[in-house]
Amino acid sequence: MSGSTYTDLTISHGSTYAYTVVAVDKGGNRSPVSAPASATTDGDLVAPAPVTGLTATPREDGVLLEWTPNTESDLKRYEVFRAEKYDDGDGGLVWLAHRVEYLGPDTTSFLHTSAADGENVRYAVIAVDDWDNQLGVTNETVHWTEVTALGTPTED
């Protein structure tokens, strides 16, 4: 190898490496080994596994979501998404999703307070790791659960 730069293509993300350099001239004379230089790579590039066991229970004060905890060691948070049906402008309907909450890594339930309007909605919970990797809301492995919010309570 010649030159003054080197790119290591064999690294693993989230690891620390030490490098030393030896210069060799055209006559084959070698310099002393340099002091080690260390480098730490950012974490992995892989999103956490899809959240499983998601249930949505309609209540008069909103929808209670519950899920199985993600067991990955680098879990940073959960993000809760809600999707509602809208007219796509061409006579069809599409689900449009928006984030409704950020939750800590030890959370396994969330009450999304909303009006009890009888509307059909979908919810998903997506895990995010320390490196901000996460599945996108359109990823086919994300589990969406559909629920009908309770109808408007009647007055006695």
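None of these values were measured; they are calculated from a predicted model.
When each of Thr55, Leu111, Leu54 is paired with Glu66, the side-chain contact (heavy atoms from CB on, under 4.5 Å) condition holds for Thr55 and for no other.
Judged by distance alone, the side chain of Trp144 and the main-chain N or O of Val137 form a donor-acceptor pair under 3.5 Å. Gln134 contributes no side-chain N or O that, together with a main-chain N or O of Ile126, makes up a donor-acceptor pair within less than 3.5 Å.
With rounding to the nearest 0.5 Å, the separation of CG in Asp129 from CG in Asp74 is 4.5 Å. Atoms CG and OG1, from Leu65 and Thr145 in turn, are 8.5 Å apart once rounded to the nearest 0.5 Å. Atom NE2 of His143 sits about 10.5 Å away from atom CZ of Arg122, to the nearest 0.5 Å. Remark: Thr108 OG1 to Asn70 CG distance equals 12.0 Å, nearest 0.5 Å. Taken from CZ in Arg30 to CG in Asp25, the straight-line distance is 11.0 Å, to the nearest 0.5 Å. One distance of note links OH of Tyr19 with OG of Ser38; it measures 10.0 Å at 0.5 Å rounding.
Closest approach of Arg77 to Tyr102, counting heavy atoms only: NE-CD2, 3.4 Å. In terms of heavy atoms, Leu135 sits closest to Ala47 at N-CB, 3.7 Å. Val147 and Pro58 get closest at one heavy-atom pair: CG2-CD, 3.6 Å. When every heavy atom of Leu75 is checked against every heavy atom of Ala127, the shortest pair comes out as CD1-CB, 3.6 Å. Pairing each heavy atom of Pro105 with each of Lys76, the nearest pair is CD-O, 3.3 Å. Between Phe110 and Val100, the shortest heavy-atom distance links the atoms CE2-CG2, 4.4 Å.
A single hydrophobic cluster is not seen to contain both Val128 and Trp67; linkage of ILVMFWY side chains at heavy-atom distances under 4.5 Å, directly or through other members, places them apart.
By the 4.5 Å heavy-atom criterion applied to side chains, Pro50 and Val142 are not counted as neighbours. Put simply, the side chain of Leu96 reaches to within 4.5 Å of the side chain of Val94, judged on heavy atoms.
Applying the side-chain hydrogen bond (donor to acceptor under 3.5 Å, both in side chains) test to pairs two or more places apart or on separate chains, those with a residue in residues 81-96 are Arg82-Glu84, Arg82-Glu119, Arg82-Tyr123, Glu84-Tyr86.
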